[in-house]
J.: 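Let me give you the structure first, and then I'll get to my questions.
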Protein chains: 2
Amino acid sequence: MQEIISHIKSERLARVLSIQSTALKAIHDFMYENKVLQAMPIILSPITDPLSHSVYDATVEYCGQRLKLTKSMLMHKQITLMNGGIDKVYFMSPNVRLEMQETKNSGRHLIEFTQVDIEFKGASKHDFMDFIDRMIAYVIKEVIKKCSDDLAYFGRTLSVPKIPLKRYESKELKDKYGKDFERIVSMREKEPFWILDHCREFYDREDKEKRGYYHNYDLVWPEGYGEALSGGEREYEHDDIVRKMVERNMDLTPYKEYLILAKEKHIPRTVGGGLGIERMIRYLTGQKHVKDVTIFPRVPGEKIIF
Amino acid sequence: MQEIISHIKSERLARVLSIQSTALKAIHDFMYENKVLQAMPIILSPITDPLSHSVYDATVEYCGQRLKLTKSMLMHKQITLMNGGIDKVYFMSPNVRLEMQETKNSGRHLIEFTQVDIEFKGASKHDFMDFIDRMIAYVIKEVIKKCSDDLAYFGRTLSVPKIPLKRYESKELKDKYGKDFERIVSMREKEPFWILDHCREFYDREDKEKRGYYHNYDLVWPEGYGEALSGGEREYEHDDIVRKMVERNMDLTPYKEYLILAKEKHIPRTVGGGLGIERMIRYLTGQKHVKDVTIFPRVPGEKIIF
């Protein structure tokens with residue numbers, strides 16, 4: 001109890017929120033400037049992102065229907081872009097992921113967090129990465145300009161990264177550094193960078209000519225801060241989606257209506273990604289754990305007081 | 001299924017999102033301009049707003065703890081303002097309220113929605129209402145300026161309201177119009193207005209000299225669109241909070257830690273309120289039901305497809 005009171009009353013937290021407010025304002029401004037529409041997130045749905053790692057089940061029952069707490073807006077972004085008048089959309093999306101306790105000390109996991117979940121229609125992964133490059137550079141520039149006192153408090157020196165940010169292929173990094181390559185390269189780099197091509201959820205697009213190559217990416221913070229954003233071009237054709245769901249041993253039953261949309265060719269070709277807010281603020285402020293940049297800590301396995 | 005596909009592909013929805021993006025941008029700009037810090041919402045907590053009407057229970061279990069889905073950030077806003085460096089805060093807060101089916105046709109209820117949940121420290125209800133007056137006028141001005149095409153599509157004529165907005169006392173309206181006064185006055189008025197003094201949740205401040213008078217308010221949209229914002233000055237002293245919880249037959253057990261904060265005088269004197277985004281967009285666009293301004297309808301008692 002004394003620990004949470006001290007945390008909430010700390011000068012550190014006030015400084016964190018000052019930087020966070022500036023960063024969020026920069027994101028909203030950048031989105032509006034680039035005509036990316038802001039839509040409202042949803043918390044409950046019959047379908048949500050299956051993720052590529054295991055978490056505990058989080059569901060509620062309402063009027064005879066079992067609803068999942070959303071883990072990302074992935075399919076909902078695709079469905080939103082079915083609208084002919086909407087080409088670019090973003091959600092400030094709080095996600096609940098009831099993580100196993102093993103992630104407690106990763107420094108990067110919380111059981112709930114917020115991501116800026118973005119999706120573009122008819123664009124390529126390079127278009128999307130270029131957009132994120134400019135957004136990240138803009139956010140850092142604004143924080144440097146408007147929060148110099150706060151950064152000084154944290155003893156944090158930031159510089160606006162040169163864009164385009166570096167883009168690495170995962171297979172090359174794996175050959176060079178072994179399977180822990182993301183962490184190792186994150187420790188070595190001085191500016192945010194991309195790693196392309198990861199085998200994960202069904203919805204990230206696999207190359208049709210070159211099976212086993214995925215048109216997706218992670219943006220990674222430097223100095224060991226790890227993953228910033230995860231995204232990719234999406235599967236949107238019915239047969240590809242079904243094949244990849246089956247490969248991943250998924251139960252197709254809850255996806256019935258989603259698969260009908262794909263079958264009837266309503267789902268457009270899209271690309272996107274989700275940027276974790278708390279992880280970004282952790283990088284900007286140079287904190288040890290994401291819990292240090294939240295008001296109400298939500299560390300896997302730890303008791304929640306407020 | 002055909003109905004939801006047509007809804008999502010409708011020109012109406014694209015126009016709604018255009019107006020919504022402009023309104024949200026105006027809110028974020030106004031907050032930043034007025035130094036109201038943006039903090040991230042939480043979805044799960046041992047405690048949440050008890051509300052003043054009944055809804056179905058929404059909880060999940062995690063690591064032996066039963067967590068409620070947040071119905072507002074009320075107590076979390078008070079706790080945030082314990083920080084000496086934070087005087088004004090807002091959350092874009094998605095709330096889950098598993099409403100009874102009776103509210104299905106109210107036009108104003110969804111089982112999840114987003115509110116801008118705002119709280120100021122050391123300010124009075126008049127300070128807060130003045131702030132909201134200016135914010136509402138600014139949002140409407142921006143929408144008129146930037147979304148004239150969209151407003152024309154909806155055949156909607158808006159004008160910037162004269163501020164300060166009218167302020168009515170609930171007892172006077174009740175004497176004049178009977179117990180359905182809020183709906184009746186909402187139908188009669190042409191501009192948003194306030195109704196002061198409502199007996200409801202424990203946390204809205206009751207006058208110490210004049211028991212039965214509450215320093216709270218609703219902002220109401222005109223033309224029959226009903227409640228826009230609900231808020232008030234808050235109880236922050238331990239004995240007042242306990243007395244009012246007991247009067248409302250509340251189980252005090254889950255509030256143990258919150259009551260310790262009050263007992264130890266950590267909770268500051270605050271004032272605030274929550275403005276419903278979907279209800280605001282419904283008013284701005286002149287739609288019949290809040291579901292018409294959401295991408296993924298969440299009508300009480302209706303099956304959810306996506």
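Chain letters run A, B, ... following the sequence lines, proteins first, then strands; residues in each count from 1.
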J.: Using a 4.5 angstrom heavy-atom cutoff, name the option from A:Lys303, A:Lys256, A:Glu11 with the most pairs to chain B.
T.: A:Lys303
J.: Counting only non-hydrogen atoms closer than 4.5 Å, can you tell me which residues of residues 111-121 of chain A sit against chain B?
T.: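 Heavy-atom contacts from residues 111-121 of chain A to chain B are A:Ile111, A:Glu112, A:Thr114.
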J.: Who among B:His266, B:Gln101, B:His76 has the most heavy-atom pairs with chain A under 4.5 Å?
T.: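 Heavy-atom pairs under 4.5 Å are most numerous for B:His76.
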J.: Using every non-hydrogen atom in the two residues, find where B:Glu264 and A:Ile5 come nearest and quote the distance to one decimal.
T.: OE1-CD1, 4.1 Å
J.: Heavy-atom distance under 4.5 Å to chain B: side chain of A:Lys146, backbone, both or neither?
T.: side chain
J.: Check B:Cys63 against A:Gly301 and note the closest heavy-atom contact, atom names and distance.
T.: SG-CA, 3.8 Å
J.: With rounding to the nearest 0.5 Å, note down the distance linking CD1 in B:Ile8 to CE in A:Met82.
T.: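 Nearest 0.5 Å value for the CD1-CE distance: 5.0 Å.
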J.: Hey, is the main chain of A:Ser45 close enough, under 3.5 Å, to the side chain of B:Arg298 for a donor-acceptor pair?
T.: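 Between the backbone of A:Ser45 and the side chain of B:Arg298 there is no qualifying donor-acceptor contact (under 3.5 Å).
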J.: Between chain B and each of A:Ile260, A:Leu13, A:Leu261, A:Asp57, count heavy-atom pairs under 4.5 Å; write down the option with the most.
T.: A:Leu261
J.: Which bit of A:Ile4 is near chain B, if near means a heavy-atom gap under 4.5 Å: side chain, backbone, both or neither?
T.: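 Answer is neither: A:Ile4 stays 4.5 Å or more from chain B.
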J.: How would you list, by chain and number, every residue that makes a salt bridge (charged side-chain N to carboxylate O under 4.0 Å, His left out) with B:Lys25, sequence neighbours excluded?
T.: A:Asp29, B:Asp29
J.: Measure distances from A:Arg15 to the heavy atoms of chain B and classify the residue's part below 4.5 Å as side chain, backbone, both or neither.
T.: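 Answer is neither: A:Arg15 stays 4.5 Å or more from chain B.
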J.: Taking the side chain as every heavy atom from C-beta outward, state whether B:Ile43 and A:Asn95 have any pair of such atoms under 4.5 Å apart.
T.: no
J.: Of the backbone (N, CA, C, O) and the side chain (C-beta and beyond), which part of A:Glu278 lies under 4.5 Å from a heavy atom of chain B, both, or neither?
T.: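 For A:Glu278, the side chain is the part near chain B, not the backbone.
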J.: Let's test your reading of the structure: which of A:Met75, A:Glu61, A:Lys9, A:Glu302 forms the most heavy-atom pairs below 4.5 Å with chain B?
T.: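 Ranked by contacts with chain B, first place is A:Lys9.
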J.: Given a strict heavy-atom distance threshold of 4.5 Å, which part of A:Leu81 is in contact with chain B: side chain, backbone, both, or neither?
T.: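 For A:Leu81, no heavy atom lies under 4.5 Å from chain B.
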J.: Under 3.5 Å, is there a donor-acceptor pair between the side chain of B:Tyr62 and the main chain of A:Glu99?
T.: yes
J.: For A:Asn83 versus B:Ser10, what's the shortest heavy-atom pair and its separation?
T.: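 Reported closest heavy-atom pair: ND2-O, 2.8 Å.
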J.: Which atoms of A:Met92 are under 4.5 Å from chain B, going by heavy atoms: the side chain, the backbone, both sets, or neither?
T.: side chain
J.: So, using salt bridge (charged side-chain N to carboxylate O under 4.0 Å, His left out) as the criterion, who are the partners of A:Arg97 when residues are at least two apart?
T.: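 For A:Arg97 there are no salt bridge (charged side-chain N to carboxylate O under 4.0 Å, His left out) partners, ignoring immediate neighbours.
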J.: Checking A:Ile47 against chain B: side chain, backbone, both or neither under 4.5 Å from a heavy atom?
T.: side chain
J.: Okay, side chain of B:Gln65, backbone of A:Ile304: is any donor-acceptor separation there less than 3.5 Å?
T.: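 Yes, the answer is positive, given that a donor and an acceptor are paired below the 3.5 Å cut-off.
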J.: Could you pull out every donor-acceptor pair under 3.5 Å between side chains of residues 30-37 of chain A and any protein atom, sequence neighbours left out?
T.:
unit_1	atom_1	unit_2	atom_2	d
A:Tyr32	OH	B:Thr22	OG1	3.2
A:Asn34	ND2	A:Phe30	O	2.8

J.: Locate the shortest heavy-atom distance separating B:Val60 from A:Thr59; write the atom from each residue and the value.
T.: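 Of all heavy-atom pairs spanning B:Val60 and A:Thr59, the closest is CG1-O, 3.7 Å.
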J.: At their closest point, which heavy atom of B:Phe306 faces which heavy atom of A:Tyr258, and how far apart are they?
T.: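 That closest heavy-atom pairing would be CE2-N, 3.6 Å.
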J.: Mind listing the closest non-hydrogen atom pair of A:Ala39 and B:Gln20 along with its distance?
T.: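 In terms of heavy atoms, the two residues are closest at CA-NE2, 3.6 Å.
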J.: Quick one: what part of A:Phe91 sits under 4.5 Å from any heavy atom of chain B, side chain, backbone, both or neither?
T.: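 Only the side chain of A:Phe91 comes within 4.5 Å of chain B.
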J.: Tell me, side chain or backbone of A:Met1 under 4.5 Å from chain B's heavy atoms, or both, or neither?
T.: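 For A:Met1, side-chain heavy atoms alone lie under 4.5 Å from chain B.
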J.: Using a 4.5 angstrom heavy-atom cutoff, name the option from B:Leu69, B:Leu67, B:Thr294 with the most pairs to chain A.
T.: B:Leu69
J.: I'd like to know which of A:Leu44, A:Leu24, A:Thr80 tops the heavy-atom pair count under 4.5 Å against chain B.
T.: A:Leu44
J.: Just give me the residue among B:Ile86, B:Thr48, B:Ile79, B:Val89 that pairs up with chain A most often, heavy atom to heavy atom, under 4.5 Å.
T.: B:Ile79
J.: Where on A:Ile277 is there a heavy atom nearer than 4.5 Å to chain B: the side chain, the backbone, both, or neither?
T.: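 When you check distances to chain B, only side chain atoms of A:Ile277 fall under 4.5 Å.
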J.: Can you tell me which portion of A:Ile295 sits under 4.5 Å from chain B's heavy atoms? Options are side chain, backbone, both or neither.
T.: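 Contact with chain B is through the side chain of A:Ile295 alone.
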